[in-house]
Protein chains: 2
Amino acid sequence: MNHGKKRHNVVAEVVGDLFKGEFQAGQRLRVEFLAQRYGVSVTPIREALVELSGLGLVELKPNCGAVVRPFGPRQVLDICHLRQVLECEATRNACGRIAPFELAALEDELQKLIDAPRSRQWSADTKRLDSTLHELIAERCGNERLAHEISRYSVLYRILRDARHRRRTARANYSQMEENSEHLRVVQALVAGDAERASDAMADHIAKAAVALQHDLFAKKEIEADLAETFLESSQSTLAAVAK
Amino acid sequence: MNHGKKRHNVVAEVVGDLFKGEFQAGQRLRVEFLAQRYGVSVTPIREALVELSGLGLVELKPNCGAVVRPFGPRQVLDICHLRQVLECEATRNACGRIAPFELAALEDELQKLIDAPRSRQWSADTKRLDSTLHELIAERCGNERLAHEISRYSVLYRILRDARHRRRTARANYSQMEENSEHLRVVQALVAGDAERASDAMADHIAKAAVALQHDLFAKKEIEADLAETFLESSQSTLAAVAK
DNA sequence: CGGTTCAGGTTTGTATATAATTTGGAAAGG
DNA sequence: CCTTTCCAAATTATATACAAACCTGAACCG
């Protein structure tokens, strides 16, 4: 039943454990240890380590095995930064390549969600529309490779987001409410055919999501200096400069 | 002596064969076939396929093996586009984080190379400075992950560049001559602390390299429409818009 | 104290066996 | 003739055992 997906499962479990802080940075991951931990043989483990190395989560030294790379607030921010760069470019390029009726449908649904009362269903719909919009933009950006990279990062991001969701905080809910408005601004810019404004709206959306992630995943004191705020500000100043 | 690097070798050989057009798009790559072709056992092959999947060169379907993804002018352009996006962001962020004496040394060497006569040594120096500058910018961009992604793409790009070099054309030499001037403009902007100008210079540099690659790697008729020129123009119009 | 050597443990590669799954085509039915 | 169903061969995915190369760390020697 899960034949042919063991490697994938192992990758997901290791990523989860990494994000939960189960592994220390610099720790060596021995294949036999992992095999026993996850209840599979060493073959899928070895392949999973190659994949994790490609994701930049472990370093694979020849003849020396895998060591886990540092993972903390800084790395979460780096991931969000990459996501911002990739998705903004995709948004800029997707502008004009999405049919008006598709945008109209999205705009309609988003508007309804903004006015609708919060509920379990509302939360699920918000999540669904988030995926829909981001995937639509990636799919239509005209660069399959860019779409591929975005999908690579959405894997990481989704795990982070779910980890945050588990520690439901007031801020998380607040952030989810804002999400629909931020998405709406992106869609409206796309409708208007204004690529730069759409990209800026996307940058703003991802920057705000990054800040929320920082606050929810890590205790305040863990956050060095004010990395996250700096990220947001620099993002906004870029916007301001372009908007003239 | 080869121990611990077979997977890496297989990846390099498959990439080379892909770029040489040995494999058709959509073709299934059976592990046993590849094992025989490259003279290794199936384990390194499978691991190499996982890595190639991460590079986006093959698609890995569960229980169905690997199929090669399309590779042609469009894909080369996509690679260059990604490279442009990543390196421009790195350049913008690296601005102000590179010591003046390092920049001065680079500026000096570039200036000398521009004035120097062409020779085998000159060509080697040009290549060396190219790596030095791009690596320096990636290293100092303040985002390890961004640096990691750039390095991933430099692997692909370097193989493409070497493939072009094998088919030495007049255009290739001409393009290499321009390279030093383009690099110089990047360095000068960094010296001036002008992040946007540095990023724009980098965008221009990579766009021109992309166009040269297109013309050297593929016969004119193979190039659908005028993809490459479009890329260059859109890149320049973006620059123009930002420069106002 | 610094460098060398050596043994143990780990990774990497090879070989083989088994289970699960896909695939392609043949047979059956409409 | 076309569609569906089903089976068998091919292939992938996993497990396991083992040999060889290599790193690490510690004892050892100068």
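In this text the structure is predicted, and so the values were computed from the model without any measurement.
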Are a donor atom and an acceptor atom from the side chains of B:Glu179 and B:His205 found within less than 3.5 Å of each other? no
Looking at A:Tyr153, is A:Arg83 sitting on its ring face, NZ or CZ under 6.0 Å from the six-membered ring centre and within 45 degrees of the normal? no
Check the orientation of B:His134 and B:His183. Use parallel for under 30°, tilted for 30 to 60°, and perpendicular for over 60°. perpendicular
Going 5' to 3' through nucleotides 13-20 of chain D and flagging B where a protein heavy-atom sits under 4.0 Å of the base, S where only the sugar-phosphate is that close, and - otherwise, we get BSBB----
Report the C-alpha separation of B:Glu32 and B:Arg37 in whole Å, then their side-chain angles, then the decisive distance to 0.1 Å, and conclude whether the salt bridge (Lys or Arg N to Asp or Glu O under 4.0 Å) test is met. CA-CA 9 Å; B:Glu32 188 192 338; B:Arg37 182 181 176 108; over 6 Å; no
The first and last nucleotides of DNA chain C lying within contact of chain A, meaning any atom under 4.0 Å from one of its heavy atoms, run from C:dT10 to C:dT21
Criterion salt bridge (Lys or Arg N to Asp or Glu O under 4.0 Å) on B:Arg69 and A:Glu144, from CA distance to verdict: CA-CA 11 Å; B:Arg69 289 171 68 102; A:Glu144 270 190 75; 3.2 Å; yes
Contacts table for residues 94-110 of chain B: side-chain donor-acceptor under 3.5 angstrom, sequence neighbours left out:
from	atom 1	to	atom 2	distance (Å)
B:Arg97	NE	B:Asn93	O	3.0
B:Glu102	OE1	B:Ala99	N	3.1
B:Glu102	OE1	B:Arg140	NH1	3.1
B:Glu102	OE2	B:Arg140	NH2	2.9
B:Asp108	OD2	B:Lys112	NZ	3.2
B:Glu109	OE2	B:Arg128	NH2	3.3

Rounding to 10°, can you tell me the angle the first-five-pair axis of the helix from C:dC1-D:dG30 to C:dG30-D:dC1 makes with its last-five-pair axis? 20°
Quick one: side-chain contact (heavy atoms from CB on, under 4.5 Å) partners of B:Gln121, sequence neighbours excluded? B:Ser119, B:Asp125
Tell me: NE2 of A:His8 to C1' of D:dT12, nearest whole Å? 17 Å
Counting distance only, does the side-chain N/O of B:Glu59 pair as donor-acceptor with the main-chain N or O of B:Val67 below 3.5 Å? no
Salt-bridged, B:Glu87 to B:Arg92, with N to O below 4.0 Å? no
Sequence neighbours excluded, the answer for side-chain contact (heavy atoms from CB on, under 4.5 Å) partners of B:Arg7 is A:Val50, A:Leu60, B:Glu47, B:Ala48, B:Glu51
Would you kindly compare A:Arg28 and B:Arg28 by the position of their nearest DNA chain C nucleotide and give the one closer to the 5′ end? A:Arg28
